[in-house]
Amino acid sequence: MRYDRVCYDCGTRTTAPVARCECGEPLWLETDPGSFDWDDVVDAPGMWRYGPLLPVEPPGGLADAAGGTPLVHEPAVDEFAGARVHVKVEGENPTGSFKDRGSAFGLAALEAGAAGDVSAVGTVSHGNMAMSTAAFAAAADVPCVVMTPTDVPPARLDVIAQYDPTLLKVDGDYGRLYERTLERGLESGVCFLNSDVPLRVEGQKTTALEICEAFAPDVPDAIVMPVSSGGHASGVWKALRELQAAGTIDDLPRLYLVQAAACAPIAEADAAGADAVTPVEGGETVAYSIANADPPSGTRALRAARDTDGAVIAVDDDAIRTAQRVLATQAGLSVEAASATALAGVRKLVAEGVLESTDDVVAVATGTGLTEATAAGSTAATTIDIADLDDNLDAVGE
Ligand SMILES: *Cc1c(COP(=O)(O)O)cnc(C)c1O
Ligand SMILES: [Zn+2]
């Protein structure tokens, strides 16, 4: 297999296993969808059913558990949002987020030589990507290094440490660490699978392939998803372009990307009509997984939204918490605050008249809330004596 990279913006190609174009924008893999049609999907687990669109053989093992997530429709959620909402439950992935799609592809492609001669993988993350990369590296028996900021909460480190990667807390500028590991890692034999690198984006495009196949021969009116680095949105856009190039779909679903208002560089660039995303001074938000003040694929994500006639919007923490509660109490779905931005975004887009009540909208619930303990449980529980059991049961039954 060949793993040439191409720039979505200036079209420059390279055979070098690098992440950035000379123009500064992120690269992605150059792939040819040919005349792919839904008849061409193969009988393979999860995301590997799109083998004809993925330039690597299914590796088996944990990778079989990546992707293949359900779309859940729950009328109470429609009522809340004001449109027909299909929740894409990415929490079903083995480490609880869509990052597993990129990790599964990344590890498989590495073993196939996509990054040259490397003996280890790494990532710069303190959240889902760290967990995911460490898990897939463990399963592939490849050494893994995870670099986190120094102020990462200990509980978060405990979750990552389960998979036994080398954990390094790095003092210094996090954005610089992200880019420096990409530039320097390969020289050390370490391929960094950071958020928006070509090998990760390629696996993450399968989210959109699954969505489009579920609606075939139509497409949903819109896909609404949270955005941070822009890696997932880039993969979704790439998949839509490939399906359109192959003639599998005619019209593209509109892509709406949602940020937390406290840290919304891409939404601000969209609102300002800017062509490129510039860093902001990010504030605190409950959606910490998507609080990236200087997103490496921000401009590419902005292009994805505009190219599909969508937009990038922001929602505040109250709206995020409300949407998160609705998903849990009305649909039984525990999602991360970051993921709840998608549903909060749908509600806002309906309120603004951008989406209509008859629209079929996919809200991508990017990650499970089950790895994100909140304090609510300890205050919600009442202690009773077993002698009072019957009375309490009667009360519940009423
Ligand atoms: C990583 C992540 C995102 C953002 O994805 P990007 O590719 O960085 O834009 C959204 N939600 C969750 C739960 C994540 O883990
Ligand atoms: Zn370029």
Side-chain angles (χ1 to χ4, degrees), residues 5-14 18-28 30 69 88-93 95-103 123-133 156 159-160 178 193-198 200-205 207-208 224-238 255 257-260 263-267 276-277 285-305 312 320 324 334-345 363-372:
R5 274 93 162 144
V6 63
C7 177
Y8 78 96
D9 191 24
C10 72
T12 299
R13 291 179 169 72
T14 176
V18 292
R20 300 287 177 251
C21 180
E22 283 162 10
C23 77
E25 280 300 285
L27 296 166
W28 58 26
E30 179 158 46
T69 60
K88 181 75 171 157
V89 188
E90 288 300 296
E92 293 271 287
N93 282 289
T95 74
S97 82
F98 73 89
K99 300 285 197 305
D100 289 344
R101 298 173 183 273
S103 303
T123 196
V124 173
S125 165
H126 47 92
N128 292 323
M129 195 170 50
M131 254 196 289
S132 179
T133 308
R156 205 94 60 76
V159 180
I160 302 166
Y178 185 99
L193 292 173
N194 293 351
S195 301
D196 75 327
V197 302
R200 181 170 289 286
V201 167
E202 197 62 22
Q204 290 172 179
K205 82 182 183 186
T207 304
V224 184
M225 58 193 285
V227 61
S228 178
S229 72
H232 196 195
S234 298
V236 165
W237 186 37
K238 187 172 195 277
L255 200 50
L257 307 178
V258 191
Q259 302 210 279
C263 187
I266 313 174
V277 175
T285 164
V286 290
Y288 57 82
S289 284
I290 55 166
N292 190 331
D294 185 10
S297 277
T299 299
R300 187 164 62 177
L302 178 63
R303 193 75 64 79
V312 190
I320 295 169
Q324 188 182 30
S334 170
V335 308
E336 262 199 43
S339 307
T341 56
L343 182 62
V364 185
T366 44
T368 179
L370 296 173
T371 48
E372 180 187 63

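No hydrogens, no waters, no symmetry mates; every other heavy atom, side chains included, goes into these values. Counting starts at 1 for both ligands and their atoms, in listed order.
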To which protein heavy atom is atom 5 (O) of ligand 1 closest, and what is the distance rounded to 0.1 Å?
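Result for atom 5 (O) of ligand 1: Phe98 CZ, 3.4 Å.
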Would Ser97 count as being in polar contact with ligand 1, using the rule that some N or O on each side must be under 3.5 angstrom apart?
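Not met; the criterion fails.
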About how many Å separate CE of Met131 and OG1 of Thr95, when rounded to the nearest 0.5 Å?
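Between atom OG1 of Thr95 and atom CE of Met131 there are 5.5 Å.
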Nearest-neighbour protein heavy atom for atom 7 (O) of ligand 1, which is reported as residue plus atom name and distance
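Going atom by atom, the protein heavy atom closest to atom 7 (O) of ligand 1 ends up being His232 N, 2.8 Å.
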About how many Å separate OH of Tyr178 and OG of Ser125, when rounded to the nearest 0.5 Å?
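Going from OG on Ser125 over to OH on Tyr178, the span is 10.0 Å.
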Output the distance between atom CZ (Arg5) and atom CD (Glu30), rounded to the nearest 0.5 Å.
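Spacing of CZ (Arg5) from CD (Glu30) equals 11.5 Å.
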Using a 4.0 Å heavy-atom cut-off, say whether Ser339 meets ligand 1 through its side chain, its backbone, both or neither.
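Within the 4.0 Å criterion, Ser339 contacts ligand 1 through side-chain atoms alone.
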With heavy-atom distances below 4.0 Å as the criterion, list the atoms of ligand 1 near Gly231.
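Answer for ligand 1: 6 (P), 7 (O), 9 (O).
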Location of contacts on Lys99 toward ligand 1, heavy atoms closer than 4.0 Å
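Answer for Lys99: side chain.
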Polar proximity ligand 1 side, Gly230 side, N/O cut 3.5 Å exclusive:
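There is such a contact, yes.
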Any N or O of Glu336 that comes nearer than 3.5 Å to an N or O of ligand 1?
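Not met; the criterion fails.
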Going by distance only, is there an N or O of Ser289 that falls short of 3.5 Å from an N or O of ligand 1?
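N/O-N/O distance under 3.5 Å: no.
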Excluding sequence neighbours, so at least two apart, what forms salt bridge (charged side-chain N to carboxylate O under 4.0 Å, His left out) with Glu90?
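Salt bridge (charged side-chain N to carboxylate O under 4.0 Å, His left out) check on Glu90 returns Arg101.
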Can you tell me how far OG of Ser297 sits from CZ of Arg200, rounded to the nearest 0.5 angstrom?
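Between Arg200 CZ and Ser297 OG, I get 12.0 Å after rounding to 0.5 Å.
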Would you please classify the geometry between the Phe98 ring and the His232 ring as parallel, tilted or perpendicular, with 30° and 60° separating the classes?
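It falls in the parallel class, under 30°.
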Under 2.8 Å from the Zn ion (ligand 2), how many protein N/O/S atoms can be counted?
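Counting protein N, O and S atoms closer than 2.8 Å to the Zn ion (ligand 2) gives 4.
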Atom 11 (N) of ligand 1: the protein heavy-atom neighbour that sits closest, reported with distance to 0.1 Å:
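Here the nearest protein heavy atom works out to Thr366 OG1, 2.7 Å.
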For atom 6 (P) of ligand 1, find the nearest protein heavy atom and state the residue, atom name and distance (0.1 Å precision).
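Scanning the protein heavy atoms, the shortest distance from atom 6 (P) of ligand 1 goes to Ser229 OG, 3.4 Å.
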From the candidates Gly369, Pro295, Ser228, the one that places a heavy atom nearest atom 4 (C) of ligand 1:
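Selected option, by shortest heavy-atom distance: Ser228.
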Per-atom contacts, ligand 1 versus Gly367 - under 4.0 Å to a heavy atom:
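With Gly367 as reference, the close atoms of ligand 1 come out as 13 (C).
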Pairwise distance CZ(Arg303) to OG(Ser234) - rounded to 0.5 angstrom:
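Atom-to-atom, Arg303:CZ and Ser234:OG are 11.0 Å apart.
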Please write down residue, atom name and distance for the protein heavy atom closest to atom 10 (C) of ligand 1.
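Atom 10 (C) of ligand 1 sits closest to the protein heavy atom Ile290 CG2, 3.4 Å.
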